[in-house]
Amino acid sequence: MTSIYSYSLEDLTSKMISMGQSSYRSKQIFSWLYKKRVHSFEEMSDISKAFREELKENFSFDLPEMALKQESADGTIKCLFRLSDGEMVEGVLMHYEYGFSVCVSSQVGCNMACKFCASGLLKKKRGLTSAEMLGQVLFFDEMLRKRNPEEHVTHCVVMGTGEPFDNYDNVLSFIRILNSPFGLEIGARHITVSTCGVIPGILRFGKEGLQINLAISLHAPNNTLRDMLMPINHAYPLEKLIPAIIQYGKDSGGRRVTFEYILIKGVNDTMDCSRELARLIAPTFGYVNLIPYNPVIENGFERSDDSQVELFHNFLLQKHIKSTIRKEFGSDIDAACGQLRAKHEKNG
Ligand code: SAH
């Protein structure tokens with residue numbers, strides 16, 4: 001049975017109409033789920049008992065269950081969630097000056113096999129349903145509201161384990177629930193989807209008419225290096241990826257992407273790389289988010305020296321490429337992608 005939390009308002013409206021109801025029903029149900037936050041159909045007191053019974057026969061209330069929680073000294077909270085089939089995924093809550101952001105996983109494991117990432121240690125088992133992604137946000141949101149009624153989740157990044165564009169439809173339904181005024185009401189500009197560069201997904205995303213941010217995990221300024229770090233580059237090399245990003249900009253009414261770029265000592269952090277990167281991305285007008293590499297797996301990679309990060313960053317600025325250095329969270333609690341789950345599996 002499908003979880004009621006899997007439905008975007010649009011999908012639930014069609015479903016209600018197919019069940020002989022008025023289109024207003026879906027808004028009523030959304031209000032119970034996301035405004036009043038009830039956890040059963042029984043509590044939906046303005047819906048007839050007969051129809052509540054029918055709802056019960058058609059939908060479950062399944063959400064992931066929190067199985068393990070780690071809290072960092074900086075306030076970052078990482079949770080391992082158990083899904084209904086026993087699989088585990090991670091979600092992370094981060095506290096910024098501007099609000100609370102949840103980093104959501106979109107798949108169980110990941111097939112992209114990026115050399116620097118712990119998520120790929122476990123091959124993809126399946127994509128998450130929208131309810132399973134939403135459940136990660138709802139858990140943290142309810143935790144915050146309980147702690148302080150003034151606080152709630154304000155931002156969401158689909159940057160946890162998994163490749164969101166390898167689970168496109170479910171990710172989109174999830175985003176629509178987050179963004180809906182009848183749902184969690186998280187502003188589109190507060191939502192970011194991050195892809196390793198799956199071109200069909202990028203092109204489709206540009207045509208959705210959403211104001212959601214798109215981040216591209218680039219990590220290398222040429223094909224030789226990117227082939228080595230990110231096997232997806234064989235399928236979608238830079239000479240195809242960059243034009244697709246330019247096309248995305250056109251289709252989305254001028255939205256600029258953010259390029260994520262992990263700095264790995266002596267691998268992709270040289271001044272030559274910085275120069276190549278500036279030249280490569282200039283036509284996209286994108287921004288760069290420089291990420292000090294988090295040495296999570298034994299692959300011989302090391303984090304770049306702070307002084308090199310500064311040089312790299314300054315060179316981009318000189319070339320009029322907007323660039324920031326990412327603030328790190330939760331390094332004391334395995335908060336990087338896939339780390340907690342990988343460790344959990346290893347320990348049995
Ligand atoms: N598949 C998507 C989303 C998941 S990875 C994508 O590739 O974008 C999201 C981001 O996690 C990557 O871009 C990278 O910025 C970050 N990441 C992964 N492993 C990391 C590590 N060891 N250190 C720092 N950042 C890492």
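Numbering of ligands and ligand atoms starts at 1, following listing order.
- Close approach to F116 involves these atoms of ligand 1, each under 4.0 Å from a residue heavy atom: 19 (N), 21 (C), 22 (N).
- Less than 4.0 angstrom separates some heavy atom of C196 from each of these atoms of ligand 1: 6 (C), 7 (O), 8 (O).
- Residue M159 places a heavy atom less than 4.0 Å from ligand 1.
- Classification of K146 and E151 as a salt-bridged pair fails, no side-chain N sitting under 4.0 Å from a carboxylate O.
- Nearest approach of Y248 to G206, heavy atoms of both residues: CD1-CA, 3.3 Å.
- Using a cutoff of 4.0 Å between basic side-chain nitrogens and carboxylate oxygens, E132 and R126 are scored as salt-bridged.
- There is a side-chain donor-acceptor pair under 3.5 Å between Q107 and D166.
- Not a single heavy atom of C114 lies less than 4.0 angstrom from ligand 1.
- Within the 4.0 Å heavy-atom criterion, both parts of N294, backbone and side chain, lie near ligand 1.
- At a heavy-atom cutoff of 4.0 Å, ligand 1 is contacted by the side chain of E260 but not by its backbone.
- Taking each heavy atom of V171 and P164 in turn, the nearest pair found is CG2-O, 3.6 Å.
- Of the options L218, I264, I262, the smallest heavy-atom separation from atom 17 (N) of ligand 1 is shown by I262.
- With respect to the salt-bridge test (charged N to carboxylate O, under 4.0 angstrom), the residues E57 and R52 do not qualify.
- Contact atoms of ligand 1 toward V296: 22 (N) (distance under 4.0 Å to a heavy atom of the residue).
- In this model, a donor atom of one side chain and an acceptor atom of the other lie less than 3.5 Å apart for E260 and S194.
- Using a 4.0 Å cutoff on heavy atoms, G162 counts as a contact of ligand 1.
- In terms of polar-atom proximity, defined here as any N/O pair under 3.5 Å, S217 does make such a contact with ligand 1.
- Here H219 has side-chain heavy atoms under 4.0 Å from ligand 1, and that is the only part of it that gets that close.
- Here is the list of ligand 1 atoms found below 4.0 Å of a heavy atom in I291: 15 (O), 24 (C), 25 (N).
- We find that K125 and E87 are joined by a salt bridge, their nearest charged nitrogen and carboxylate oxygen being less than 4.0 Å apart.
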